[in-house]
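Step one of this worksheet: look at the structure below.
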Amino acid sequence: MKGIEKNAIEEISKSQTQEELERVRLKYLGRKGIITEKLSELSKLALPEKKTVGREINTIKKNITYAIEKQFIEIKKKNIHEASRCYIGTKNAIDITLPGKPFDFGKLHPLTQIMNEVKDIFVNLGFNIATGPEIETDYYNFTALNIPKDHPSRDLQDTFYVAIKNEKLKIKNEDLLLRTHTSPVQVRVMEKQKPPIRIIAPGKVYRHEAVDASHSFVFHQVEGLAVDTDVTFADLKAVLEIFVKKMFGENVPSRFRPSFFPFTEPSAEVDMQCLICKGIGCSVCKQTGWVELLGCGMVNPKVFKSVGYDTEKYTGYAFGIGIERVAMLKLGIDNMRLFYENDLDFLSQF
Ligand code: DAH
């Protein structure tokens, strides 16, 4: 009996792989194994002998089982160790000179990148960042900005009105809307702060618009506002020229063109030479050689009156930049929809 145990223990300790060890286990403890057979032969013995031999075989079985478990752990440890070794030339070696699998790093969305660039330019010029709600009231979005009740932009065709049933809200349902521009932030800032003011307000705006290559029902703007005792149109021009040069390069021609906005007087739009065709004329600039970049002007005294500013004392300028427009020109993209489709092949280029 002792011989069986000795042999088993020896064979177990010689087993170097899980397969070898399993073979030894079956040889001794399997259904037809040596120990199993010895146990089944017990029934042939007389009672007193049965007891002592039975005890002996069970002890041997326990010892063999324990030795197998121990060896199993040893083999496992050895396997892990081998796998983690990287000696060149050894079996299963890991070639550490091979380049690793590259990680896919996440990136900021191109619109976020452009938005950050615009913010940086103005922050470096001394502007602070202000924010306002995307669900606005008719008052801040239109009335306080001198947009009259019958103005076409108030139409249901252009504006998303919001119906919220909540008795606690002091605002009437029909007065809530998704802001159609970032200009209401001007009013909110001026209500809280006295001049001097120099802020930009970046954010999302919404219009009841069908989606096409140059329109979307949600897009981004950066509003700007500067108010002080002696702010002039020349200041506005200087700041926006710096912006265009920093954003698109020193030598890109830009121009101020007279325009109209109810909240500024006088008003202008800034165009820059089309970067796609270099001013020759193409589909992006509708063959004009120029593309419209932003709206701006001197703050209309009626807006100052709505926030209680002294119109004799203060002057100011304001501007509103369309971020998608800037991004399309800067990145050479002729279809705005690409920004919203989240196609990784497109996004990973930037
Ligand atoms: N709010 C205007 C729009 O969405 C853009 C704009 C024009 C903003 C002139 C201004 C401004 O602050 O002075 O079309």
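When a ligand or atom number is given, it counts from 1 through the structure's own listing order.
Considering every non-hydrogen atom in both I200 and F319, the closest pair reads CG2-CZ, 4.3 Å. The minimum heavy-atom distance linking G203 with M115 is given by the pair N-CE, 3.7 Å.
Interface atoms of ligand 1 facing G297, defined by a heavy-atom separation under 4.0 Å, are 13 (O). Against a heavy-atom cut-off of under 4.0 Å, G320 is close to the following atoms of ligand 1: 6 (C), 8 (C), 10 (C), 12 (O). Residue F261 has at least one heavy-atom neighbour below 4.0 Å for each of these atoms of ligand 1: 7 (C), 9 (C). Per-residue contacts place Q186 under 4.0 angstrom from the following atoms of ligand 1 (heavy atoms of the residue considered): 12 (O). If you number the atoms of ligand 1 from 1 as listed, the ones under 4.0 Å from a heavy atom of A318 come out as 12 (O), 13 (O). Close approach of ligand 1 to Q221 is summarised as follows: ligand atoms under 4.0 Å from at least one heavy atom of the residue are 3 (C), 4 (O). Here is the list of ligand 1 atoms found below 4.0 Å of a heavy atom in R207: 3 (C), 4 (O), 14 (O).
Remark: aromatic rings of H220 and F339 are distant, center separation not under 6.0 Å. In this structure, Y206 has its ring center no closer than 6.0 Å to that of F160.
For atom 12 (O) of ligand 1, the nearest protein heavy atom (residue, atom name, distance) is E223 OE2, 2.6 Å.
Atom OH of Y139 has more than 12 heavy atoms from other residues, nucleotides or ligands within 6.0 Å.
If you look at R179 next to ligand 1, there are no close heavy atoms at all, none under 4.0 Å. With a 4.0 Å heavy-atom cut-off, ligand 1 is reached by the side chain of S183 but not by its N, CA, C or O. The side chain of F263, and not its backbone, has at least one atom closer than 4.0 Å to an atom of ligand 1 (non-hydrogen atoms only; side chain from C-beta on).
Following chains of ILVMFWY side-chain contacts shorter than 4.5 Å, one can reach Y161 starting from L145, so the two form part of one hydrophobic cluster.
Exactly one residue among D138, T137, D175 makes a side chain to side chain donor-acceptor pair (under 3.5 Å) with T143. That residue is D138.
E22 pairs by the side-chain hydrogen bond (donor to acceptor under 3.5 Å, both in side chains) definition with R25, not counting sequence neighbours.
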